[in-house]
Amino acid sequence: MSEAVTRSVHSASTSPGLLASLDPLLREWLPRQRWFAGKGRPVTGFSLVAAVEVLPLDAKLGLLHLLVRAHQPLVPTQSAATHPADCYQLLIGVRETLPPRLAPALIGRPTEGPLAGRTVYEALYDARPADVLLEALRSRARIGDLRFERDMRQEIRDGLVPRLVTAEQSNSSIVYGDTFILKLLRRIVPGDNPDLELPLVLAREGCPRVPAPAGWLLADLADETYVLGVLQPFVQGAADGWELALSELAKGEDFSGEARALGRATAEVHMALARALPTVTMGRGQLELLVDGMTERLEAAAQAVPALRPYAPGLHTAFEALADLAGEGETWTAQRIHGDLHLGQCLRSPSGEWSLIDFEGEPSKPLAERRMPQPTARDVAGMLRSFDYAAHSHAPVVPGWADTCRAAYCSGYAEAGGRDPRTDPVLLRAYETDKAIYEVVYEARHRPDWLPVPMEAVRRLALSGSS
Ligand SMILES: Nc1ncnc2c1ncn2[C@@H]1O[C@H](COP(=O)(O)OP(=O)(O)O)[C@@H](O)[C@H]1O
Ligand SMILES: O=P(O)(O)O[C@H]1O[C@H](CO)[C@@H](O[C@H]2O[C@H](CO)[C@@H](O)[C@H](O)[C@H]2O)[C@H](O)[C@H]1O
């Protein structure tokens, strides 16, 4: 372990005073972060879950690792018992003054408490704290409650130059020397996070479609463990499926070869997960619960987005058809899946190999729900929707482009040994409908300009049951 890391194991005895001095600054700064999950409601205060001085705060450069709960007014459907305040991972750097290159990282200058008069900032912009994190992973350090782990079979060289990824993300990532990428989870929950769990399982299973975790960061608090970060090999020169699909569309090129390869990659991942982790048969009771969930989401969405209401009866038929099949005794296998699959979660290396990333699932859902076995049709439906999105992002829409990609994706899935998704049209339509409804709500909230894209799918899906 490097001297910097061993020297840095400090007690956090001063942390309550620290949090009080940071409180007014964090109330301003936190809601402005892309990864802040509680947008639209003010932060009314913080409580400390854990604090570790990774680098001593009285040094020229201090580094504080905080897990804090951000308190916000509950929305009417929530209760404090079922909706604890969100817990965030923060890495706070402390310096006398910030060099100009770190200006975008500024959080502020506390006016009282142990940090009065110093400058606090988002430490991930700064190479030195980023180095400390990699060094701690390399050396499997224990720093206070923080446990840095690694896979000793993967070499992690020292001196890899860090850079913060500036893309819009739900979390924060640092790339080290174009060799590794460390994703630090921002809104954290106790328990096995699928973003670490599933890539580890897939690596053990020998599935090359997912970058194998080289290191991971955990916090052991009371009797609960939190996953805070995952280090994975960086796919150099990769383009994501969304960028590629749009650029091929712009050039008038066919994307069906890539769609087929993506289908194969998805099937390989699904089959590896089914080998490694338990699968269950979904019978009548479970399918009815699935249909109930989809129906409730449709009703809530129609409340939230009035444009959806005329299509609700047609959309309901997709769920009723699934309920009918369940009533007739149809069953499906459920297994662990990706849970939030779309073109942006697929990376193609310069040699043409596809990898899947970001197994966190839908971050807004509880961990237990995200880790439940589900039919693979859910991931497939996510990808089918994504081809449709890509086609509609290009003007004019190229007739047949999405259909060709969707068919090629399903063929690729079947060629690799997966069950052809088109064998289960009722299940697929139900999942596609559920996803399009989710997208309508997402776009209405976040990107109203994009709302016509899922609305077009809603029109098509609402009609498809009536033929
Ligand atoms: N192993 C990797 N190799 C190359 N780039 C990656 C890798 N993992 C993630 N990325 C890049 O980082 C971005 C964010 O990663 P992701 O896991 O989706 O984070 P988030 O959960 O914050 O959205 C991706 O869109 C991709 O561009
Ligand atoms: O950021 P996440 O990966 O958690 O996903 C959210 O944002 C996505 C948009 O960035 C959104 O995806 C939708 O738009 C994509 C194109 O931008 C398209 O490829 C997807 O198929 C479509 O669902 C996703 O729904 C939302 O959860």
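Just so you know, ligand 1 is whichever comes first in the structure, and atom 1 is the first atom listed for that ligand. For the numbers below, each heavy atom of this structure counts, side chains included, while hydrogens, waters and symmetry mates do not.
- An N or O contact shorter than 3.5 Å is missing between W450 and ligand 2 by distance.
- Polar contact check, S386 against ligand 2: a nitrogen or oxygen pair lies under 3.5 Å apart.
- Two rings, from H270 and Y413, have their centers less than 6.0 Å apart.
- Residues S464 and R429 bring a donor and an acceptor atom of their side chains to less than 3.5 Å of each other.
- A donor-acceptor contact shorter than 3.5 Å is absent between the side chain of E149 and the backbone of W216.
- Annotation for ligand 2: atoms under 4.0 Å from non-hydrogen atoms of D340 are 3 (O), 4 (O).
- Numbered from 1 in the order shown, with element, the atoms of ligand 2 that lie under 4.0 Å from a heavy atom of Q345 read 3 (O).
- Here the side chain of N171 pairs a donor or acceptor atom with the backbone of R186 at under 3.5 angstrom.
- For the pair H446 and ligand 2, no heavy-atom separation below 4.0 Å is found.
- Protein heavy atom closest to atom 23 (O) of ligand 2, with residue, atom name and distance, is E439 OE2, 2.6 Å.
- Residue-to-ligand polar distances place H342 within reach of ligand 2: an N/O pair is separated by less than 3.5 Å.
- At a cut-off of 3.5 Å, with distance as the only test, no side-chain donor of W332 or Q286 sits close to an acceptor on the other residue.
- Under the 3.5 Å distance criterion, the side-chain polar atoms of D240 are left unmatched by any main-chain donor or acceptor of C346.
- Distances from ligand 2 to the non-hydrogen atoms of Q169 include no value under 4.0 Å.
- For Y442, a nitrogen or oxygen atom sits less than 3.5 Å from a nitrogen or oxygen atom of ligand 2, counting backbone and side chain alike.
- At a 4.0 Å heavy-atom cut-off, ligand 2 does not touch E168 at all.
- E224 places no side-chain N or O within 3.5 Å of a backbone atom of P190 that could act as its donor or acceptor partner.
- For R204, there are no salt bridge (Lys or Arg N to Asp or Glu O under 4.0 Å) partners at least two apart in sequence or on another chain.
- Among all non-hydrogen protein atoms, the one lying nearest atom 1 (O) of ligand 2 is S170 OG, 4.1 Å.
- With atom 26 (C) of ligand 2 as the reference point, the heavy atom nearest to it among F387, W242, Y438 is part of Y438.
- We find that D358 and K183 are joined by a salt bridge, their nearest charged nitrogen and carboxylate oxygen being less than 4.0 Å apart.
- Taking distance alone, with nitrogen or oxygen atoms compared against 3.5 Å, Y389 stays at or beyond that limit from ligand 2.
- S364 and R187 get closest at one heavy-atom pair: CA-NH2, 3.7 Å.
- Using a 3.5 Å distance cut-off with no hydrogens or angles, the side chains of S411 and R422 do pair a donor with an acceptor.
- Near ligand 1, residues Q169, S170, N171, I181, K183, P211, P233, F234, V235, Q345, L347, I357, D358, E360 come within 4.0 angstrom through at least one heavy atom.
- For atom 10 (O) of ligand 2, the closest non-hydrogen atom on the protein side is R447 NH1, 4.0 Å.
- A salt bridge between D340 and K435 is present, with a side-chain N of the basic residue lying under 4.0 Å from a carboxylate O of the acidic one.
- Using a distance-only test at 3.5 Å, with no hydrogens or angles considered, no donor-acceptor pair links the side chain of H71 to the main chain of P73.
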